[in-house]
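Lettering follows sequence order; numbering is per chain, from 1.
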Number of protein chains: 2
Amino acid sequence: MTSATPNIRLFVENDLVSDQEFLIDGNQGHYLINVMRMKEGEVVALFNGRDGEWMARIEKTGKGKAAVKVLGHLEDQAEEPDLWYLFAPVKKARLDYMVEKATELGVSLIRPVMTRRTVVDRVKEDRMRANAIEAAEQCGRLTVPVIEAPVKLEKLLADWPDDRLIMFCDEAGGEGDQEILPVGRAVEQAARAAELDKWAILIGPEGGFDPKERQMIRSHPQAVAVTLGPRILRADTAAVAAISLWQSFAGDWQ
Amino acid sequence: MTSATPNIRLFVENDLVSDQEFLIDGNQGHYLINVMRMKEGEVVALFNGRDGEWMARIEKTGKGKAAVKVLGHLEDQAEEPDLWYLFAPVKKARLDYMVEKATELGVSLIRPVMTRRTVVDRVKEDRMRANAIEAAEQCGRLTVPVIEAPVKLEKLLADWPDDRLIMFCDEAGGEGDQEILPVGRAVEQAARAAELDKWAILIGPEGGFDPKERQMIRSHPQAVAVTLGPRILRADTAAVAAISLWQSFAGDWQ
């Protein structure tokens, strides 16, 4: 085993165990051979979301593919935060951005949610998954977030699991008797009251949810309204802010 | 005074007091008349960073300009968080983005810092200021952050004021005897130890500070190293995360 630390991390589906040999082709093979111009004898780091991270050596290269041999173990598979990220997609470029950021920030699941104000009516899940893989490789995490198919807000709420809380940013601020707390206090308080510890963060479309939707979300027993300060945040800013805050209070940034 | 809430907020330099009349021209006039096609009798909200927010009515329009009359008071000038945002600029598009996000997130001052790894050698302050004004108008804040000229890291640290702490993200993690804390604990602990309550956040270039620079920052008595979790964050993600966390622990998101 070489003592060099690999510069390249790749996500693969294959099992990772010492001496395992397999072929890397497709997108990953193209990246290794055509883009990064890796050669026989060089090493890469591989992870698959199950077996931790392993060093592997390139044994043989071909056109856009490489035969690799798994060498030693670099990192154990460890538990990563269980946080769902649900958002109303806006434009395609922003969609890529949202998936990348959410992955960097350590979410475990990403799902687009269609609202009345959502502009994009078709979301490419393959593209989202490719973005998530690339972002996971670059940020050092040992899993790739699950990408779920887009769902309408009503259905999302109707089918919502019993064991998970939903944090949503209420841009309109506190109305009536429902208190709007900062993220830290909301996380602590809601978790204690509901005796639940799984969370999702729901980020609305640019311009916010419409009044009917806001009411629908607020009346869900597991929904927790939070405020992200007195200024209006764009959807992408709100997403990074909310996830960062959750990681600080309940995730692996503590 | 009309009871309609103005849709448009504009930053102006003029004093704002009831019955004051002045001309809006230049960029702002162009925006009002040519882009938004505002007409006589319509209202806008104005702020200048000193007098709070005021409603004003368009009395007369011309080519790319409007004569306005200040009507009533909408919001008091309130204290806003005192937070400096210092960052190593990367590419032009990212620079625009960094200024917009920092403004949305409520910083009071923005300054580019040149490091060895900084790619951009010329930063357009006028453009930064225009971006800051637009972001301030859109997010609802009552001030525009001060834009300072770019400065080299060594000079920034050499001239650093006595009364302000510098939070910096140490991507390399804790080395030796210097503890790296999460933002919340770092803010609380450092403020108590130093008896200072003013802060700056320093975000390094993509790829991080080089070892000499990191050492230089760490050895400054007012520098506080923080960690933003176990994953590698891009500079723009780190910026939004760090500022959001500071706002939650020490700013106006509490």
Side-chain angles (χ1 to χ4, degrees), chain A residues 9 75 78-81 83 93-94 97-98 100-107 135-143 145 169 171 173 180-187 206-207 226-249 251-254, chain B residues 9 75 78-81 83 93-94 97-98 100-107 135-143 145 169 171 173 180-187 206-207 226-249 251-254:
Chain A
R9 295 182 85 234
E75 245 186 274
E79 209 171 307
E80 290 185 341
L83 177 67
R94 282 292 170 93
Y97 177 93
M98 295 287 225
E100 284 168 24
K101 292 306 179 204
T103 301
E104 261 182 82
L105 292 165
V107 308
E137 290 167 342
Q138 290 180 14
C139 76
R141 62 184 285 175
L142 293 171
T143 58
C169 305
E171 303 91 350
I180 309 284
L181 295 171
V183 173
R185 299 230 308 276
V187 166
E206 217 71 56
V226 297
T227 170
L228 294 175
R231 285 160 294 278
I232 299 167
L233 301 184
R234 291 177 181 277
D236 54 345
T237 318
V240 175
I243 299 170
S244 300
L245 289 173
W246 184 88
Q247 288 287 25
S248 283
F249 289 106
D252 63 4
W253 289 25
Q254 301 176 78
Chain B
R9 296 182 84 233
E75 246 187 273
E79 207 170 308
E80 290 184 343
L83 177 67
R94 283 290 171 94
Y97 177 93
M98 294 287 225
E100 284 168 24
K101 293 305 180 204
T103 301
E104 260 181 83
L105 292 165
V107 308
E137 290 166 342
Q138 290 180 16
C139 77
R141 62 185 285 176
L142 293 171
T143 58
C169 306
E171 304 91 352
I180 310 285
L181 295 170
V183 173
R185 299 229 306 276
V187 166
E206 217 70 57
V226 298
T227 171
L228 292 174
R231 285 161 294 279
I232 299 168
L233 301 185
R234 291 178 182 276
D236 53 345
T237 318
V240 175
I243 299 171
S244 301
L245 289 173
W246 184 89
Q247 288 287 26
S248 284
F249 289 107
D252 63 4
W253 290 24
Q254 299 175 81

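- In this structure, the separation between CZ on Arg9(B) and CD1 on Ile232(A) is 8.0 Å, given to the nearest 0.5 Å.
- If you measure heavy-atom distances from Glu104(B) to chain A, the contacts under 4.5 Å come from both the backbone and the side chain.
- Using a 4.5 Å cut-off on side-chain heavy atoms (C-beta onward), Trp253(B) and Thr227(A) make no contact.
- Glu75(A) pairs by the side chain to side chain contact (heavy atoms under 4.5 Å, CB included) definition with Glu53(A), Leu142(A), not counting sequence neighbours.
- The CZ atom of Arg234(A) sits 6.0 Å away from atom NZ of Lys101(B), with the distance rounded to the nearest 0.5 Å.
- Arg231(B) has its side chain within reach of Asp252(A): a pair of non-hydrogen atoms, C-beta onward, lies under 4.5 Å apart.
- Both the backbone and the side chain of Leu105(B) come within contact range of chain A, judged by heavy atoms closer than 4.5 Å.
- By the side chain to side chain contact (heavy atoms under 4.5 Å, CB included) test, Ala136(B) pairs with Phe47(B), Thr103(B), Arg141(B), Val144(B), sequence neighbours left out.
- Residue with the most contacts toward chain A among Ala242(B), Gly251(B), Pro230(B), Ser248(B): Pro230(B) (heavy-atom pairs, distance under 4.5 Å).
- Of the listed residues (Ala135(A), Gly229(A), Ser244(A), Gly184(A)), the one with the most heavy-atom contacts under 4.5 Å to chain B is Gly229(A).
- Counting heavy-atom pairs closer than 4.5 Å to chain A, the top residue among Val183(B), Ile243(B), Leu245(B) is Leu245(B).
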